[in-house]
Number of protein chains: 2
Amino acid sequence: MGRPREFDVDEALQTAMELFWRKGYEGTSLSDLTEGMGITRPSLYGFFGNKEELFLKALDRYDQKQMVFFREALEEPKARVVAERVLKGYADLQTAECSPNGCLGINGALACSEAAAEIQKCLIEGRRRVEHALAERFERANEEGDLPIGCSPTDLARYIMTVTQGTAVQAASGANRAALYKVIDMALQCWPK
Amino acid sequence: MGRPREFDVDEALQTAMELFWRKGYEGTSLSDLTEGMGITRPSLYGFFGNKEELFLKALDRYDQKQMVFFREALEEPKARVVAERVLKGYADLQTAECSPNGCLGINGALACSEAAAEIQKCLIEGRRRVEHALAERFERANEEGDLPIGCSPTDLARYIMTVTQGTAVQAASGANRAALYKVIDMALQCWPK
DNA sequence: GGAATTTTATACCGAGCAGTATAAAAACTT
DNA sequence: AAGTTTTTATACTGCTCGGTATAAAATTCC
C-alpha cells in the first residue's frame with residue numbers, strides 16, 4: 001500500500017553506478033545523482049541511505065554485473081587461459097561503449113580527501129580481494145604443474161593485476177580496446193604457451 | 001623594497017605538490033593548501049594565481065624534480081635498459097618514503113567532476129607526452145636493431161607505460177617497492193636479454 | 001469514503017568550497 | 001620622518017556541498 005514508486009530502483013542504481021564510475025565518488029555530487037537518476041533528494045535518501053551507502057550499493061552492483069567475466073575466467077582449466085581471459089575481460093569492461101571508461105574500482109577513489117577515506121579503503125580492499133582470488137587460482141595451477149617453473153603464484157597474480165590496473169588508467173585516458181589488446185598480448189609473452 | 005616575504009616560495013610549492021599528489025586536485029582544498037604551505041589565502045593567490053594555476057605549477061615542479069630519472073633513462077644505449085630504468089625509476093618514485101604513494105600525474109585527477117576537466121585533460125596529455133617520448137626512443141632502437149624482432153616501438157612504449165601506470169595504482173594502494181620490482185622483473189621477461 | 005501508509009515535492013539547514021575586498025604591518029626611498 | 005610599495009591578516013562574498021524537515025500527492029485497507 002501507499003503511494004506507488006515512480007522510478008525503477010534497479011535502473012536508478014545503474015545510473016548512479018555509471019556516474020560514480022565516470023566521475024569518481026567525490027566528483028559526483030548529490031545533484032548529479034538525483035538529476036541523473038531522475039529522483040528527488042528525499043527519495044534517494046529513503047531508498048539508498050546516503051551518498052556513501054549509495055556508492056557501496058553501486059559498487060556491489062558493479063561486482064555482481066560487471067565482474068562476472070572474472071569469476072568465469074577463474075574456472076578455465078589452464079592458468080594461462082585464466083590470465084588471458086582476466087586481462088581481456090578487464091580490457092573489454094574498461095572500453096565498453098555503453099559504459100564509462102576505466103574501472104569503477106579505481107576511478108571511484110584513487111586519491112581523495114579525508115572525507116572519502118572510508119570509500120578509498122573499501123576500494124583498495126576490493127582490489128586486494130580480487131588479486132587474492134587470482135593468486136589462489138594460480139596456487140592451484142602451481143600444484144597442478146600448470147605454471148612456468150620458478151613462477152610464484154602470488155607474484156604472478158600481482159603482475160596480472162598490475163597490468164589490468166595499467167589498462168584501467170589507459171582506458172580512462174581514452175585508449176581503445178585494440179590498443180589494450182596489444183598490450184595484453186605483450187604482457188602474456190612472458191608466459192610460455 | 002616593500003615588506004619582505006615571510007615564506008619560501010619553493011618550499012611552499014613543494015608542499016602544495018605533495019598535497020595534490022596525496023589527495024588529488026579536487027580532494028585538496030584551499031584550506032589544506034594554505035595550512036600546509038603556512039601562508040594565508042591572499043598570499044597564495046598573489047604568488048600562485050589560483051588553485052588551478054597552483055596545481056599546474058606543482059605539476060611542472062613534479063616534472064622537473066621527480067621525472068629526472070625518466071630523461072636519464074632515455075639516454076641509456078640499450079633499449080632494454082631504458083625500459084628497465086623507466087620501470088624501476090617510476091616504482092622508486094611511487095614508493096619513496098619521503099613523498100606520497102603513487103604518481104601525481106595519475107592521482108591528480110583520474111576521474112573527476114566537470115570542474116576539474118581541464119586539469120584532467122592536462123594530465124592525460126602529460127602521460128601521452130611521456131609515452132610518446134618513450135616510443136620515439138624505441139623507434140631509434142628499432143632502427144639500430146636494438147628491439148626484439150617484430151616488436152612495434154609504439155606498442156612497446158604503451159606496454160611499458162601501462163605497467164608503470166599499473167604500479168602507480170598498486171603503490172597508491174600501499175604496495176611496497178620490493179613487490180613492484182618483482183612485477184617489473186616479470187614484465188621484462190618478454191624481452192630477450 | 002475516510003483513515004492509514006508510502007512516496008513524492010519544496011524548501012530549507014549548517015558547513016565548507018574557491019575566491020576577494022580592505023586595511024594593517026613592514027620594509028625601502030627620498 | 002613621510003611617502004611608496006609589497007606582503008600580510010582578517011573578514012567576508014556567493015555558491016555548492018551533503019543532508020533533512022514538512023507537507024502534499026497517490027495509493028490500499030476497512
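Note on naming: letters A, B, ... go to the chains in the order of the sequence lines (proteins, then strands), and numbering restarts at 1 for each one.
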Is it true that, when you exclude B/K182 itself, more than 12 heavy atoms of the residues, nucleotides or ligands shown sit nearer than 6.0 Å to its NZ? no
Take B/G2 and A/D32, find for each the nucleotide of DNA chain D with the closest heavy atom, and name the residue whose nucleotide sits nearer the 5' end. B/G2
For D/dT16, does either OP1 or OP2 sit under 4.0 Å from a side-chain N or O belonging to A/S31? no
A/R3 atom CZ is separated from D/dT27 atom P, nearest whole Å, by 8 Å
Roughly how far apart are A/E18 CD and A/L104 CG, rounded to 0.5 Å? 10.5 Å
Hey, could you give me the CD/OG1 distance between B/Q165 and A/T162, rounded to the nearest 0.5 Å? 12.5 Å
C/dA18, C/dA25, C/dT7: which one has an atom nearest the side-chain heavy atoms of A/R5? C/dT7
What residues 38-49 of chain B contributes to the DNA chain C interface at heavy-atom separation below 4.0 Å is B/R41, B/P42, B/Y45
Rounded to whole angstrom units, what separation is found between the CG atom of B/N50 and the P atom of D/dT13? 22 Å
In whole angstroms, the gap separating P of C/dC17 from CD of B/E52 amounts to 18 Å
Parallel, tilted or perpendicular: which one describes the rings of B/F7 and B/F47, with boundaries at 30° and 60°? perpendicular
Could you tell me whether B/R128 and B/E125 make a salt bridge, using a distance below 4.0 angstrom between a side-chain N and a carboxylate O? yes
